[in-house]
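Numbered from 1 within each chain, the chains take letters A, B, ... in sequence-line order. Since we're looking at a predicted model, the values are computed, not measured.
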Protein chains: 2
Amino acid sequence: MASSAREAAIPALAEVFREHGYTGASLALLGARTGLGKGSLYHAFPGGKAEMAQTVLDAIGAWFEAEIYAPLRDDPDPRAAIARMFAAVDAYFQSGRRVCLVGAFALSDGRDLFAARIAAYFAAWRDALAEALSRAGRNDAVTLAEDTVLAIQGGLVLTRALDDPAVFARLLMRLEHRLNG
Amino acid sequence: MASSAREAAIPALAEVFREHGYTGASLALLGARTGLGKGSLYHAFPGGKAEMAQTVLDAIGAWFEAEIYAPLRDDPDPRAAIARMFAAVDAYFQSGRRVCLVGAFALSDGRDLFAARIAAYFAAWRDALAEALSRAGRNDAVTLAEDTVLAIQGGLVLTRALDDPAVFARLLMRLEHRLNG
DNA sequence: CGCACTCTGTACCGATCGGTACAGCGCCCG
DNA sequence: CGGGCGCTGTACCGATCGGTACAGAGTGCG
């Protein structure tokens with residue numbers, strides 16, 4: 001199938017963008033990590049590096065939407081959805097060893113190119129979490145949601161800076177306690 | 001004086017690294033922003049781009065040490081030092097419009113090159129704040145300090161991502177209230 | 001004045017950048 | 001079996017990368 005090579009390449013592309021940023025992710029690196037030559041890469045992504053990055057951002061957004069945001073909004077048990085969010089976040093970011101690509105893009109390169117997607121990712125997260133908190137009876141739902149999303153990003157920065165995954169683990173415990181008691 | 005051109009260039013260099021990251025900050029950009037040709041740049045920084053980045057990181061570290069960490073540790077009134085920290089942070093980061101270079105470096109490029117400096121910057125901040133909180137009588141000083149430093153970094157990420165300085169302003173108010181009542 | 005020394009613009013280096021062109025391989029379908 | 005097409009490796013493009021070499025301008029001092 002035409003799109004299967006494309007789909008298969010996405011996780012590898014994501015990893016390279018995560019580790020090197022947009023400008024730092026060279027076609028040589030992208031090709032090496034995916035195992036695809038330049039020809040294949042441009043056949044699958046005619047738009048070049050920009051299309052690869054967009055596709056990766058969309059895939060990440062879709063994953064979070066399905067695994068985290070949708071349950072937060074729709075699960076009849078909001079507290080269960082929040083617990084699920086923390087478990088998914090811990091697994092996804094490998095307890096802080098893995099960086100958030102969207103957050104990294106927001107800070108430096110490719111910010112202008114992908115600003116809309118970046119903003120949408122965080123806004124959706126904050127709003128879905130606020131929805132769950134609201135249904136759980138919190139009246140400070142929006143503030144608490146913003147604070148939580150922001151703390152997770154900060155936790156990733158500090159964990160990476162200090163090279164100490166315990167920072168992220170402690171943070172998630174604190175946050176979950178604050179949200180779910 | 002020999003070092004005056006060097007010193008004068010540092011803020012401009014810092015701004016370029018902040019906006020483009022380490023690999024994204026080309027010598028062309030660095031030269032344009034500082035107003036120095038390649039010859040002058042390499043005369044002032046014989047070690048090239050790496051020395052420029054190190055110098056910038058050191059200058060930032062020194063500024064935070066003098067303006068924020070030292071008062072946190074030494075001011076006889078720890079609550080005043082904490083208030084001063086929030087005012088300095090708000091001014092330095094221009095209410096979130098400006099990104100933290102150290103945090104940006106921690107997330108992506110140049111991380112390995114400058115890991116020690118990056119870790120020292122955050123560890124010093126966390127420890128100085130914990131010292132102040134401890135002297136102010138908080139028994140959860142270390143946790144609270146870690147949480148605060150991390151939240152500021154996350155606030156910068158989210159503010160940039162959503163392009164909304166109000167996020168950072170709200171965060172600082174919340175944090176100061178949590179620390180100083 | 002003239003020497004010496006600091007500084008700086010410019011030309012140049014090999015390497016690598018993102019991207020394009022294209023020839024040929026292999027697979028599928030008629 | 002054979003023709004066509006999806007796919008891919010490779011050579012190549014101009015631009016730019018970080019870095020070096022160096023000649024000459026500017027400057028201060030004996």
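Residue contacts shown for A:Ala25 are limited to sugar-phosphate atoms, with no base heavy atom under 4.0 Å away.
The separation between B:Arg6 atom CZ and C:dC7 atom P is 12 Å, rounded to whole Å. Between the P atom of D:dG18 and the NZ atom of B:Lys49 lies a distance of 4 Å, rounded to the nearest Å. Straight-line distance from the NZ atom of A:Lys38 to the P atom of C:dG18: 8 Å, rounded to whole Å. If you measure from atom CG of B:Leu30 to atom C1' of D:dC17, you get 13 Å, rounded to the nearest angstrom. Atom pair B:Leu29:CG and D:dC17:P shows a separation of 7 Å (rounding to whole Å applied). Taking atom NE2 of residue A:His20 and atom P of nucleotide C:dG18, one finds them 12 Å apart after rounding to whole Å. Remark: P of C:dG18 and CD of A:Glu51 are 16 Å apart, rounded to the nearest angstrom. Atom CG in A:Leu27 sits about 11 Å away from atom C1' in C:dT16, given to the nearest Å.
Comparing A:Gly39 and A:Ala28, the nucleotide of DNA chain C nearest to each residue sits closer to the 5' end for A:Ala28.
Ion pairing of B:Glu131 with B:Arg126 is absent here, as no side-chain N (NZ or NE/NH1/NH2) approaches a carboxylate O to less than 4.0 Å. The existence of a salt bridge linking A:Asp75 and A:Arg135 is excluded, since no basic side-chain nitrogen approaches an acidic carboxylate oxygen closer than 4.0 Å. Between A:Arg79 and A:Glu176, none of the side-chain N atoms (NZ, or NE/NH1/NH2) sits under 4.0 Å from a carboxylate O, so this pair counts as no salt bridge.
Annotation: side chain of A:Thr55 is in contact with side chain of A:Arg6 (closest heavy-atom distance under 4.5 Å).
Nearest to the side-chain atoms of A:Ser40 among the listed nucleotides D:dT8, C:dT6, D:dT20 stands D:dT8. Checking D:dG19, D:dT8, C:dT20 against every side-chain atom of A:His43, the shortest atom distance belongs to D:dT8. Of the candidate nucleotides C:dC7, D:dT8, D:dC17, D:dC17 has the atom lying nearest to any side-chain atom of B:Ser26.
Both tests pass for A:Arg98 against the ring of A:Tyr92: distance under 6.0 Å to the centre and angle within 45° of the axis.
Sorted by residue number, the list of members of residues 52-60 of chain B with any non-hydrogen atom under 4.0 Å from DNA chain C is empty.
Using cut-offs of 30° and 60° for the angle between ring planes, the B:Phe93 and B:Phe64 rings count as tilted.
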Per-pair distances, 0.1 Å, donor-acceptor, side chain in residues 27-37 of chain A, under 3.5 Å, sequence neighbours excluded:
| residue | atom | partner | partner atom | Å |
| --- | --- | --- | --- | --- |
| A:Arg33 | NH2 | A:Glu19 | OE2 | 3.0 |
| A:Thr34 | OG1 | A:Leu30 | O | 2.7 |
| A:Thr34 | OG1 | A:Gly31 | O | 3.2 |
| A:Thr34 | OG1 | A:Leu36 | N | 3.3 |

